[in-house]
Amino acid sequence: MATKTATQITRAFRNMRALSTSAMKQNATGLSEIPEVAKCPFRGMVNTMNDVLTRTKTGISETASENNVKSFDHVPGPKGLPVVGTLFDYFKKDGLRFSKMFEAYRQRAIEYGPIYKEKIATISTVVISDPNEYQKVIRAEGKYPIRREMEPMAHYRRKNGYELGLVNAQGEEWYQQRTVTSKKMLKMKEVLDFCQPMNDVANDFMDHLKSIRNDSQEITGLEKEIFKWAMESIGTFLFEERIGCFANPTPAKAQAFIDNLRGYFKKMQPLMYNVPVYKIFPTKLWKEFENYANTVMEIGRYFVDKKVNELQSADSSRTKAEDEKVTFLTYLLSQQSLTPEQALSTAVDLLMAATETTSNAILWTLYCLAKNPEVQETLYNETLACINNEQINADNISRLPYVKAVLKESLRLYPITWATSRITQQDMEVCGYNIPTGTHVQANLYGMFRDDKLFPESDTFKPERWLRGNMDTQLKALSNLVWGHGARMCIGRRFAEQEMNILLTKIVQKFKLEYHYEDIEPTLNTVMSPDSPLVLKFVPRDSA
Ligand code: HEM
């Protein structure tokens with residue numbers, strides 16, 4: 001892909017500034033997006049279902065029966081009511097809960113088997129709990145895999161005239177953004193280059209942890225602290241400079257971003273499953289979500305704009321767009337295939353996607369380690385033997401198989417993204433049923449990960465499962481699924497694994513973790529999070 005000249009970059013910066021400051025005005029006019037908002041909110045779903053019904057009533061079921069493949073109509077599942085489907089099952093006293101959808105999927109799979117279908121209000125889904133059968137979906141996803149939109153997020157962006165961003169864009173638009181972004185984010189060398197900044201952030205975080213422990217060596221409000229680490233870490237990648245989240249007090253903008261982003265993900269969860277009335281009139285929940293979203297976008301843009309301004313005011317003759325080592329943002333802006341608005345949306349998307357995910361993954365891992373002291377000791381001994389007190393770098397990071405196994409095992413027990421999502425783009429057979437084009441299909445990750453047949457003693461934390469020699473190909477494929485699959489797999493995976501490995505190594509080197517309270521259960525704030533505050537004791541290993 002050709003890079004732009006310095007003049008073109010300067011023009012891109014200028015456009016970017018104009019765009020970001022006029023974003024709200026664009027919302028008001030919202031020329032390109034108004035028709036989308038004006039669409040019937042249920043149209044997409046009705047179309048998909050009609051398509052499915054037409055196909056099953058006509059050619060497809062005949063073909064299916066010819067090949068001994070049962071028609072889509074026969075896929076088992078809860079019946080539900082006309083229009084609302086099984087929605088009311090989620091409001092019954094002691095019934096299923098939107099905040100525990102992973103458990104609902106698991107229970108349904110136990111009741112209906114490796115494939116079932118369910119319609120919850122406007123969402124129709126086919127859930128697959130057999131990893132081999134799900135491979136058929138993976139193999140058929142094509143060049144432009146379609147993941148179901150995160151509807152509240154996409155609706156907010158359309159309504160306000162923002163680009164959909166990498167997470168929600170589809171087809172050619174998605175492909176362009178993905179191609180540009182993956183060159184920096186999925187290339188091992190590019191990510192390994194960030195070992196040093198990640199070490200620096202993790203070292204500072206160790207000092208921060210020491211300073212915020214109370215007299216009992218416990219840290220309360222650990223969630224917010226870990227979130228700061230995640231934000232600081234992605235900040236170094238996007239902007240190649242420190243945001244300063246560990247300062248006392250935390251910079252107001254960073255603190256507001258953290259608080260609002262958490263609220264944003266929390267409110268998105270119930271909006272995703274309920275009837276999307278918010279598309280017609282703003283419900284209380286929608287307004288709360290919108291408020292959080294406004295602040296998150298505003299602050300996300302502030303960080304991006306700040307960097308853009310700095311780059312612009314630097315001597316343009318020294319702009320290093322042609323060089324290999326430029327900030328991620330400079331790189332994005334230098335790409336001809338991205339509009340400045342797309343570059344900006346992508347950067348904000350990454351800032352958002354990186355924080356909630358890695359912070360929750362780390363929280364779960366620390367919880368598992370604190371509850372399993374023998375695992376903690378094995379991990380500590382590995383770090384002593386393999387890297388001692390060296391900084392983690394491109395060479396020695398591969399010498400830490402146990403830390404990787406610990407992370408995999410935590411994500412197995414607490415898969416923060418607990419199900420995958422694809423819309424099929426061709427008819428296919430799965431578990432002996434015909435699945436027509438346009439069907440929303442999901443892998444029941446939480447159900448698979450807690451299945452004793454796939455993972456003996458599945459509720460037990462055993463990182464050894466993931467060590468070379470103990471792992472067969474099926475297990476390996478399964479561990480990867482927590483990052484999604486194929487061309488649309490998590491773009492931040494390499495970045496996330498590296499920063500989490502570095503942080504975990506440093507934490508076990510410095511502290512023994514203890515947990516002395518009731519067990520914590522998972523709940524969904526869009527990603528799987530602890531349902532109550534996690535209070536851990538950080539006991540120093542040395543006298544430092
Ligand atoms: C524990 C950490 C994380 C987990 C478990 C995780 C998991 C996932 C999953 C399952 C998907 C959907 C993939 C698919 O549909 O096949 C995804 C997509 C995505 N993730 Fe992550 N993620 C994590 C961290 C991150 C980080 C650190 C970033 C950014 C630096 C990030 C950025 C994204 C983006 C932009 C997408 C959309 C990609 C696309 O549609 O092309 N994620 N992630």
Side-chain angles (χ1 to χ4, degrees), residues 102 134 137-138 141-150 153-154 163-182 184-186 190-191 194 198 226-227 229-239 261 265 300 328-329 332 342 345-365 404 406-408 410-423 440-443 445-446 449 478-504 526-529:
F102 53 90
Y134 188 71
V137 178
I138 297 179
E141 68 173 15
K143 185 178 175 188
Y144 304 131
I146 309 176
R147 193 177 46 238
R148 193 174 184 279
E149 267 183 3
M150 297 183 88
M153 183 174 175
E163 286 288 329
L164 279 180
L166 193 53
V167 173
N168 282 316
Q170 309 287 1
E172 188 63 41
E173 185 193 345
W174 163 79
Y175 187 73
Q176 278 187 0
Q177 295 179 39
R178 175 86 190 191
T179 309
V180 167
T181 316
S182 60
K184 284 277 173 189
M185 298 204 69
L186 290 179
E190 293 280 349
V191 180
F194 274 88
M198 285 174 178
I226 302 273
F227 213 99
W229 158 80
M231 192 170 165
E232 193 71 29
S233 196
I234 183 71
T236 60
F237 177 76
L238 291 179
F239 315 127
L261 192 55
F265 280 115
F328 183 70
L329 206 55
L332 276 190
Q342 280 172 331
S345 289
T346 301
V348 175
D349 261 10
L350 293 174
L351 194 59
M352 285 167 64
T355 34
E356 187 72 11
T357 48
T358 47
S359 53
N360 277 296
I362 284 290
L363 277 177
W364 284 121
T365 312
K404 289 176 192 155
V406 164
L407 198 57
K408 279 197 170 101
S410 312
L411 284 169
R412 179 188 71 79
L413 280 176
Y414 304 103
I416 55 161
T417 41
W418 49 277
T420 59
S421 161
R422 285 292 183 269
I423 311 282
H440 182 230
V441 179
Q442 294 186 279
L445 292 187
Y446 182 78
F449 290 165
L478 261 173
S479 85
N480 289 334
L481 265 190
V482 80
W483 304 94
H485 50 80
R488 214 156 180 171
M489 172 184 274
C490 174
I491 200 146
R493 175 181 179 170
R494 287 196 193 290
F495 178 88
E497 284 181 322
Q498 184 170 302
E499 64 171 352
M500 293 193 291
N501 287 337
I502 290 177
L503 182 70
L504 285 175
T526 304
V527 304
M528 189 180 278
S529 322

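Small disclaimer: the values here were computed from a predicted structure and weren't measured. All ligand and atom numbering here is 1-based and tracks the order in the structure.
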A side-chain contact here means heavy atoms from C-beta on lying under 4.5 Å apart; do Arg493 and Asn480 qualify?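 They are in side-chain contact.
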Side chain to side chain, Phe194 and Ser233, heavy atoms closer than 4.5 Å: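 The answer is no; the side chains never approach within 4.5 Å.
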Atoms in ligand 1 flagged as close to [X], the criterion being non-hydrogen separation under 4.0 Å:
{"X": "His485", "value": "16 (O)"}
{"X": "Ile234", "value": "30 (C)"}
{"X": "Ala361", "value": "1 (C)"}
{"X": "Met185", "value": "30 (C)"}
{"X": "Val482", "value": "5 (C), 7 (C), 10 (C)"}
{"X": "Met500", "value": "1 (C)"}

So, Tyr144 versus Gln170: side-chain donor-acceptor pair below 3.5 Å or not?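 There is no such pair between these side chains.
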At less than 2.8 Å, how many protein N/O/S atoms surround atom 21 (Fe) of ligand 1? Leave waters out.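 For atom 21 (Fe) of ligand 1, protein nitrogen, oxygen or sulfur atoms under 2.8 Å: 1.
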Assess whether side-chain contact (heavy atoms from CB on, under 4.5 Å) is satisfied between Gln442 and Arg148, documenting all intermediate values. CA-CA 10 Å; Gln442 294 186 279; Arg148 193 174 184 279; over 6 Å; no
Between ligand 1 and Trp174, can you find any atom pair, the residue atom being a heavy atom, that is separated by under 4.0 Å?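 Distance cut 4.0 Å: Trp174 passes for ligand 1.
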Say whether, by atom type as modelled, one donor and one acceptor occur between the side chain of [X] and the main chain of [Y] under 3.5 angstrom.
{"X": "Trp364", "Y": "Met528", "answer": "yes"}
{"X": "Ser345", "Y": "Leu166", "answer": "no"}
{"X": "Arg412", "Y": "Phe449", "answer": "yes"}
{"X": "Arg494", "Y": "Leu186", "answer": "yes"}

Test of understanding: given a 4.0 Å heavy-atom threshold, classify the contact between Thr420 and ligand 1 as side chain, backbone, both, or neither.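 Neither part.
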Looking at [atom], what's its closest protein heavy atom, distance included?
{"atom": "atom 38 (C) of ligand 1", "result": "Arg178 NH1, 3.4 Å"}
{"atom": "atom 16 (O) of ligand 1", "result": "Arg422 NH2, 2.7 Å"}
{"atom": "atom 14 (C) of ligand 1", "result": "Arg488 O, 3.2 Å"}
{"atom": "atom 37 (C) of ligand 1", "result": "Arg147 NH2, 3.6 Å"}

Going by side chain to side chain donor-acceptor pair (under 3.5 Å), name the residues that satisfy it together with [X], two or more places apart in sequence or in a different chain.
{"X": "Glu356", "value": "Asn360"}
{"X": "Ser410", "value": "Thr365"}
{"X": "Tyr134", "value": "Thr420, His485"}

Apply the ring-ring contact (aromatic ring centres under 6.0 Å, His included) test between Phe328 and each candidate in Phe495, Phe239, Phe237; give the one that qualifies.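 Testing each of Phe495, Phe239, Phe237 against Phe328, the sole residue satisfying ring-ring contact (aromatic ring centres under 6.0 Å, His included) is Phe237.
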